[in-house]
Peer 1: 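Take this structure first; my questions come after.
Just so we're on the same page: letters track the sequence lines, and every chain starts at 1. Basis for what follows: all heavy atoms, side chains included, without hydrogens, waters or symmetry-related copies. Treat the numbers as computed from the prediction; the structure is a model and nothing was measured.
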There are 2 protein chains.
Amino acid sequence: MRFSQGVEWMLHSVALLAQAPAGMAVSRRVLAEHYGLPEPYLAKPLKALVRAGILTASSGPSGGFRLAGRPEDITVLDIVEAVEGTSPPFICQEIRQQGTAGLSPAVCQKPCAVATMMDHAHQAWRASLRGITVVDLVKSTPKAIRDRNRADFAARLSG
Amino acid sequence: MRFSQGVEWMLHSVALLAQAPAGMAVSRRVLAEHYGLPEPYLAKPLKALVRAGILTASSGPSGGFRLAGRPEDITVLDIVEAVEGTSPPFICQEIRQQGTAGLSPAVCQKPCAVATMMDHAHQAWRASLRGITVVDLVKSTPKAIRDRNRADFAARLSG
DNA sequence: GTATCCCTACTCGGATAATTCTTGTCCGAGTAGAGGAGG
DNA sequence: CCTCCTCTACTCGGACAAGAATTATCCGAGTAGGGATAC
């Protein structure tokens, strides 16, 4: 059980987009070069973020991606679920209703204890990620790096 | 991102094994018929539980699987991690060290904020599952079902 | 009647194919900006 | 000098292969129990 790499890529990319000057769009190519990632495949998770309403995309020269809303309103959970999907990792197959000891559907109207507890754990995981916003992510990065990113963006705007 | 089906199978199977009379071994075939599962493939996750020390296996007639320890000492987390592995779903690839904006290893001695928070969420998930034992699982099943399981095991012992 | 031996049949364990999902890649549609021509 | 038009080049989006992990399956090694036999 492992998350796709797109999760890490998008968490870092969104944090980087939050550091861009207001109104500036960052292209897929710039993101790929910034982190040394395979550029074509970045399209897949980026598109997922656009569909989820986290990013907006614009075409043409000086086009690219930018945040759709305020960084303090975007949680890490939003990003992770936009890439990985909202489906929980554990999906009850109701095996208690099958086999020689199969239970009648009448008895199984309430979810079984296994499914309930796995769901509780999943909600605990979600709550942990929902408590962190993109602003928190940016604040956690060392100031020297943020300064360098700012200078990098400024150079791109002028050049 | 989805758990393998073996997780659900083993959670139910261990709960069922906990209801068996002391010393009685339940074979793979009985488990498969009980839940209507593909019998040959049950071997894989069952073997994982044996390797993890949760179950013990015995060969020959009247052989099968039984709990290795007391049900109150076996947590749900033990079972899930025995089947799925202990590797966390998010593994930091340190992309901040790559690309044109790659950071020097000296700056990256402390894990990045993304990895730290994903790990916190994973630990919250583990803590939730660690708080539930097999005894809790059995107690959560309706009494009528437990009685039927007990009668079923008794019939198997005599017949 | 009892103890011993053998044999059958049932068990788990590892090695082996088919399928689904993630990963990686390519090319086409669309658009904004730059440059040149005309007024 | 200003405005309009065209053209270029850069962008995203969807469709297309390759590899890996999960799912599913088979057959062989080992063992415990039952039955027959000898004492």
Peer 1: K47(A) side chain N/O closer than 4.0 Å to the phosphate oxygens (OP1, OP2) of dC12(D)?
Peer 2: no

Peer 1: Strictly below 4.0 Å, heavy-atom distances to any atom of DNA chain C: list the hits from residues 5-35 of chain B, or just say none.
Peer 2: S27(B), R28(B)

Peer 1: Here's a test of your reading of the structure: between V50(B) and P40(A), which maps to the more 5' nucleotide of DNA chain C?
Peer 2: V50(B)

Peer 1: Check the distance between dT23(D)'s P and E39(B)'s CD and give it to me in whole angstrom.
Peer 2: 18 Å

Peer 1: List the atom pairs, donor and acceptor, that lie under 3.5 Å between side-chain atoms in residues 52-64 of chain B and the rest of the protein, sequence neighbours left out.
Peer 2:
{"from": "S58(B)", "atom 1": "OG", "to": "G64(B)", "atom 2": "N", "distance (Å)": "3.4"}
{"from": "S58(B)", "atom 1": "OG", "to": "G64(B)", "atom 2": "O", "distance (Å)": "3.4"}
{"from": "S58(B)", "atom 1": "OG", "to": "R66(B)", "atom 2": "NH2", "distance (Å)": "3.1"}

Peer 1: Salt bridge or not for D147(B) and K143(B), using N-O below 4.0 Å?
Peer 2: yes

Peer 1: On DNA chain D, does the nearest nucleotide to G63(A) precede the nearest nucleotide to A43(B) from the 5' side, or the other way round? Give the residue.
Peer 2: G63(A)

Peer 1: Applying side chain to side chain donor-acceptor pair (under 3.5 Å), which residue pairs with at least one partner in residues 97-117 of chain B are found, sequence neighbours left out?
Peer 2: E94(B)-Q97(B)

Peer 1: Nearest whole angstrom, please: distance from the P of dC12(D) to the CZ of F65(A).
Peer 2: 5 Å

Peer 1: Could you tell me how far apart R51(B) (CZ) and dG13(C) (P) are, to the nearest whole angstrom?
Peer 2: 9 Å

Peer 1: Is it true that a side-chain atom of Y35(A) and a backbone atom of H12(A) form a donor plus acceptor pair closer than 3.5 Å?
Peer 2: yes

Peer 1: Run the side chain to side chain donor-acceptor pair (under 3.5 Å) test against S128(B) and tell me which residues pass, sequence neighbours left out.
Peer 2: none

Peer 1: For the pair K139(A) and D136(A), find out whether any cationic side-chain nitrogen is under 4.0 Å from an anionic carboxylate oxygen.
Peer 2: no

Peer 1: Anything under 3.5 Å between a protein N or O and an N or O of nucleotides 29-33 of chain C, put it in a table, one pair a line.
Peer 2:
none

Peer 1: Take atom CG of L49(A) and atom P of dC12(D), then tell me their distance rounded to the nearest Å.
Peer 2: 13 Å

Peer 1: Does dT11(C) have OP1 or OP2 under 4.0 Å away from a side-chain N or O of R66(B)?
Peer 2: no

Peer 1: For L42(B) and dT23(D), give me the distance from atom CG to atom P, rounded to whole Å.
Peer 2: 12 Å

Peer 1: Could you tell me the separation between the NZ atom of K44(B) and the P atom of dA24(D), rounded to a whole number of Å?
Peer 2: 11 Å

Peer 1: Is there a donor-acceptor pair under 3.5 Å between the side chain of E8(B) and the backbone N or O of Q93(A)?
Peer 2: yes

Peer 1: Can you classify the ring geometry of Y41(A) versus W9(A) as parallel (below 30°), tilted (30 to 60°) or perpendicular (above 60°)?
Peer 2: perpendicular

Peer 1: Would you mind listing the cluster partners of I91(A)? Hydrophobic ones only (ILVMFWY), side-chain contacts under 4.5 Å, chaining allowed.
Peer 2: none

Peer 1: Provide, to the nearest angstrom, the distance between the CG atom belonging to L37(A) and the P atom belonging to dT22(C).
Peer 2: 19 Å

Peer 1: Rounded to whole Å, please give me the gap between CZ in F3(B) and C1' in dA21(D).
Peer 2: 15 Å

Peer 1: Give a yes/no answer on whether the side chain of Y41(A) brings an N or O atom under 4.0 Å of OP1 or OP2 in dT23(C).
Peer 2: yes

